[in-house]
Amino acid sequence: EFVEAQKRGIPCVSRADYLGYIMSGYNCRIGLSGMHGKTTTTSMTAKIFTDAGLDPTASCGGVMKDVGSEYLIGGENYFVFEACEYMDSFLDFYPTVAVVLNIEMDHVDYFHSMEQIRNSYAAFMAKTGENGIALVNYCDDDVMKAAEGYTGRLVTFGVEADEADYCAANLVYERGC
């Protein structure tokens with residue numbers, strides 16, 4: 001399709017460029033990134049915002065159970081989106097809040113070192129600007145290394161991590177959940 005469009009002179013843009021353009025008009029743009037858990041966390045965030053009556057627009061990498069689709073069209077204030085790191089596509093986005101769940105070696109056809117990955121995540125967080133927020137996993141050393149030098153507001157979360165700004169503690173598992 002891309003080759004045929006080029007032959008016909010039809011303008012083409014990448015999905016990441018297009019999504020970045022769409023989100024640019026929203027006041028609060030929350031990008032959920034990480035090597036694992038992006039889709040689940042994006043879906044949960046959209047659900048929380050919806051249940052809070054905030055009428056978010058959302059773009060997720062998988063079908064959101066409560067929506068039945070990968071997309072949710074809502075109001076113009078909140079744009080919740082899955083920010084995929086592969087090929088640095090998340091650098092085409094404009095988050096005001098950058099969430100980083102975890103970092104590890106993945107996508108080895110593109111990323112050749114942990115340093116390259118950390119630098120990409122640092123660049124993603126930097127996209128929020130000085131007035132932005134980076135919400136990062138305190139329990140992940142590579143996430144914290146990527147957050148070094150971040151100039152916006154850095155907010156940390158963790159599990160059983162008293163030093164984090166927000167900490168889950170005393171977790172109880174029932175029937176595997």
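We're numbering straight along the sequence, starting at 1.
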Query raised in the report: Is it true that a side-chain atom of T57 and a backbone atom of F79 form a donor plus acceptor pair closer than 3.5 Å?
Result: no
Query raised in the report: Under 6.0 Å from the CD atom of E4, do we count more than 12 heavy atoms belonging to anything else shown?
Result: yes
Requested in this report: Using atom types as modelled and distance alone, determine if a side-chain donor or acceptor of T50 lies under 3.5 Å from a backbone N or O of D55.
Outcome: no
Requested in this report: Measure the spacing between OH of Y18 and SG of C12 and express it to the nearest 0.5 Å.
Outcome: 13.5 Å
Query raised in the report: Are V108 and M35 co-members of a hydrophobic cluster defined by side-chain heavy atoms under 4.5 Å apart?
Result: yes
Query raised in the report: Under 4.5 Å between any side-chain heavy atoms of M144 and T156, yes or no?
Result: yes
Query raised in the report: Linking I/L/V/M/F/W/Y whenever their side-chain heavy atoms sit closer than 4.5 Å, directly or via other members, would V100 and M105 fall into one cluster?
Result: yes
Report summary line: OG (S14) and CE (M87) are apart, to the nearest 0.5 Å, by 10.0 Å
Query raised in the report: Does any non-hydrogen side-chain atom of K127 lie less than 4.5 Å from one of F93?
Result: no
**Report entry** pair R153-T128: side-chain heavy atoms closer than 4.5 Å
**Finding:** no
Query - Same apolar cluster (I L V M F W Y, side chains within < 4.5 Å links), V143/Y86 - result: yes
Requested in this report: Heavy atoms only: give me the nearest A146-Y121 pair and the separation to one decimal.
Outcome: CB-CB, 4.1 Å
Query raised in the report: Which heavy atom in A58 sits nearest to a heavy atom in A46, and how many Å separate them?
Result: CB-CB, 3.8 Å
Requested in this report: Any chance you could measure M64, atom CE, to T42, atom OG1, to the nearest 0.5 Å?
Outcome: 8.5 Å
Query raised in the report: In the hydrophobic clustering that connects Ile, Leu, Val, Met, Phe, Trp and Tyr at side-chain heavy-atom distances below 4.5 Å, which members other than V99 occupy its cluster, ordered by chain and number?
Result: I30, L32, F49, L54, Y78, V80, V97, L101, I133, L135, V155, F157, Y166
Query raised in the report: Which pair of non-hydrogen atoms, one from Y150 and one from A134, has the smallest distance, and what is that distance?
Result: OH-N, 3.4 Å
Query raised in the report: How are the rings of F124 and F90 set to each other: parallel, tilted or perpendicular (split at 30° and 60°)?
Result: parallel
Query raised in the report: Which heavy-atom pair separates A161 from C139 by the least distance, and what is that distance?
Result: CB-SG, 3.7 Å
Query raised in the report: With distance as the sole test, does N77 use its side chain to make a donor-acceptor pair with the main-chain N or O of N27 at under 3.5 Å?
Result: no
Report task. List, by chain and then residue number, the residues other than L171 in its hydrophobic cluster (Ile/Leu/Val/Met/Phe/Trp/Tyr, side-chain heavy atoms under 4.5 Å); write none if there are no others. Result -> V159, Y173
Query - Stepwise side-chain contact (heavy atoms from CB on, under 4.5 Å) check, R15 with S59 - result: CA-CA 12 Å; R15 176 188 175 277; S59 174; 3.8 Å; yes
Query - Residues D162 and Y138: side-chain donor-acceptor under 3.5 angstrom - result: no
Requested in this report: Check whether more than 12 heavy atoms from other residues, nucleotides or ligands sit under 6.0 Å from atom CD of E115, and answer yes or no.
Outcome: no
Report task. Taking D140 for its side chain and I103 for its backbone only, find out whether a donor-acceptor pair lies under 3.5 Å. Result -> yes
Query - Spacing of Y110 atom OH and I117 atom CD1 [to the nearest 0.5 Å] - result: 10.5 Å
Query raised in the report: How long is the gap from CD on E104 to NE2 on H36, to the nearest 0.5 Å?
Result: 3.5 Å
Report task. Can you establish whether the number of heavy atoms outside E76 located under 6.0 Å from its atom CD is more than 12? Result -> no
Query raised in the report: Any side-chain donor-acceptor pair under 3.5 Å between Y26 and T96?
Result: no
Query raised in the report: Charged N to carboxylate O under 4.0 angstrom, K38 versus E85?
Result: yes
Query raised in the report: Which pair of non-hydrogen atoms, one from S89 and one from C84, has the smallest distance, and what is that distance?
Result: OG-O, 2.8 Å
**Report entry** hydrophobic_cluster_shared for V136 and L91, side chain cutoff 4.5 Å
**Finding:** yes
Query raised in the report: How many angstroms lie between atom OG of S120 and atom CE of M125, to the nearest 0.5 angstrom?
Result: 10.5 Å
Query - Residues K145, D141: salt bridge by 4.0 Å N-O rule - result: no
Requested in this report: Can you establish whether the number of heavy atoms outside N131 located under 6.0 Å from its atom CG is more than 12?
Outcome: no
Requested in this report: Decide yes or no for E82 and E70: does some side-chain heavy atom of the first lie under 4.5 Å from some side-chain heavy atom of the second?
Outcome: no
